[in-house]
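Reviewing the structure listed below.
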Protein chains: 2
Amino acid sequence: MISNSSKYAVKAVLYLAVNSSEDHKILAKDISRPTNIPKAYLSKILQELSKHNIVSSVRGPGGGFYLSDENIKTPLMKIIQVIDGDNRLTSCMLSLQECNAEHPCPMHDLVGNTKVNFVKNLEQNTVGDLVKNIKMGKSFLPL
Amino acid sequence: MISNSSKYAVKAVLYLAVNSSEDHKILAKDISRPTNIPKAYLSKILQELSKHNIVSSVRGPGGGFYLSDENIKTPLMKIIQVIDGDNRLTSCMLSLQECNAEHPCPMHDLVGNTKVNFVKNLEQNTVGDLVKNIKMGKSFLPL
DNA sequence: AGATTAAAAGACATTTTTATCCTTTATATG
DNA sequence: CATATAAAGGATAAAAATGTCTTTTAATCT
């Protein structure tokens, strides 16, 4: 569905959303342990997310990662797009160049609506929306 | 979404569904050209599909691949499962072991319904259903 | 039986994804 | 300013996905 890297990215962002703030930054290694994401690989992902203004970071002592008020408004789709690229979720089920309502592939209408809705959900919902779910008791950390 | 290999598999099966029959078998190379799938790789995929009774095959002169009346009833999900495994489409968006209605992850309800519907469509629709779409003019071959 | 055909099977090569390690740069603090 | 800290960046490694090539097996046809 989405890549492992994207799942790592979402988890890391959620961890920051719940646990960090501008005056309580968190180190990559301290995200790595509870989420069970390999530290060095997570660092690469956070670097990429930082470059795209999905997370905020500060170097040096007292530094680390956190989410700004802006960051919290990031749509989930943006995280996935930055890590997996534009096409993974939206491309045609048969990889046809032109597949749309006028020129649909044989699978287009079959899965089309649900796929479009799926993507729409990811575009409309933000990191902050998931935080609400977490506060209602839904866990995102491995057992 | 689904792997390239799965897209190859669906395309190859559709090509056979439209063009082959038990007394008009088709060679791997003759599926390869119109679908633009690398011949040797396609052969591997067809081999796997044959092993799982998704396509039928006969060796030797006059042999090749075709779809039996049984094969045509294959649900699309089965093709994807054989190539991509069980988890790619159905696993939790955050890869949690236990993610369901009772123990939902923060993304579960957000994308849950559309994802479930998506999978359900693939489970309920068969190769034969797509053939109907193709006969209504929907193309599955690259430009 | 011998020759030919075409899928099955196995070995190997390339590319992409995932993962690790080491060096550099920015920031803070004594 | 020197030193410690932590992310950024670059180089490298391992694993998985994709792709190619060669040999083997099964079927057909003289």
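Note on naming: letters A, B, ... go to the chains in the order of the sequence lines (proteins, then strands), and numbering restarts at 1 for each one. All values below were derived from every heavy atom in this structure, side-chain atoms included, with hydrogens, water molecules and symmetry-related copies excluded.
Near DNA chain C, meaning a heavy atom under 4.0 Å away, there are no residues from residues 19-37 of chain A.
Judged by distance alone, the side chain of A:T74 and the main-chain N or O of A:N71 form a donor-acceptor pair under 3.5 Å. Here the side chain of A:K138 pairs no donor or acceptor atom with the backbone of A:K135 at under 3.5 angstrom. Side-chain atoms of A:N19 come within 3.5 Å of backbone atoms of A:Y15 as a donor-acceptor pair (strictly under, hydrogens ignored).
Taking the 5' to 3' direction, DNA chain C first and last meets chain A under 4.0 angstrom from a heavy atom at C:dT18 to C:dA28.
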(message) Generate the contact string for nucleotides 17-30 of chain D. Rules: B means base contact, S means sugar-phosphate contact only, - means no protein heavy atom under 4.0 Å.
(response) -BBBB---BBBB--

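A:E48 places its CD atom 12 Å from the P atom of D:dG10, with the value rounded to the nearest Å. Between A:I45 atom CD1 and D:dA7 atom C1' the separation is 15 Å, expressed in whole Å.
Between atom CD of residue A:E102 and atom NE2 of residue A:H108 there is a gap of 9.0 Å, rounded to the nearest 0.5 Å.
Residues B:F65 and B:I26 are not in side-chain contact: their nearest non-hydrogen atoms beyond the backbone lie 4.5 Å or more apart.
Counting non-hydrogen atoms under 4.0 angstrom, A:S43 reaches nothing in the nucleic acid.
No more than 12 heavy atoms of other residues, nucleotides or ligands sit less than 6.0 Å from atom CG of B:N113. With a 6.0 Å radius and a threshold of 12 heavy atoms from other residues, nucleotides or ligands, A:E123 has its CD atom above the threshold.
Residues B:V58 and B:L49 do not share a hydrophobic cluster, clusters being chains of Ile/Leu/Val/Met/Phe/Trp/Tyr side chains in contact below 4.5 Å.
The pair B:E48-B:K51 meets the salt-bridge criterion, with a side-chain N (NZ, NE, NH1 or NH2) lying under 4.0 Å from an Asp/Glu carboxylate O.
Residues B:S5 and B:Y41 have side chains that bring a donor and an acceptor to within less than 3.5 angstrom of each other.
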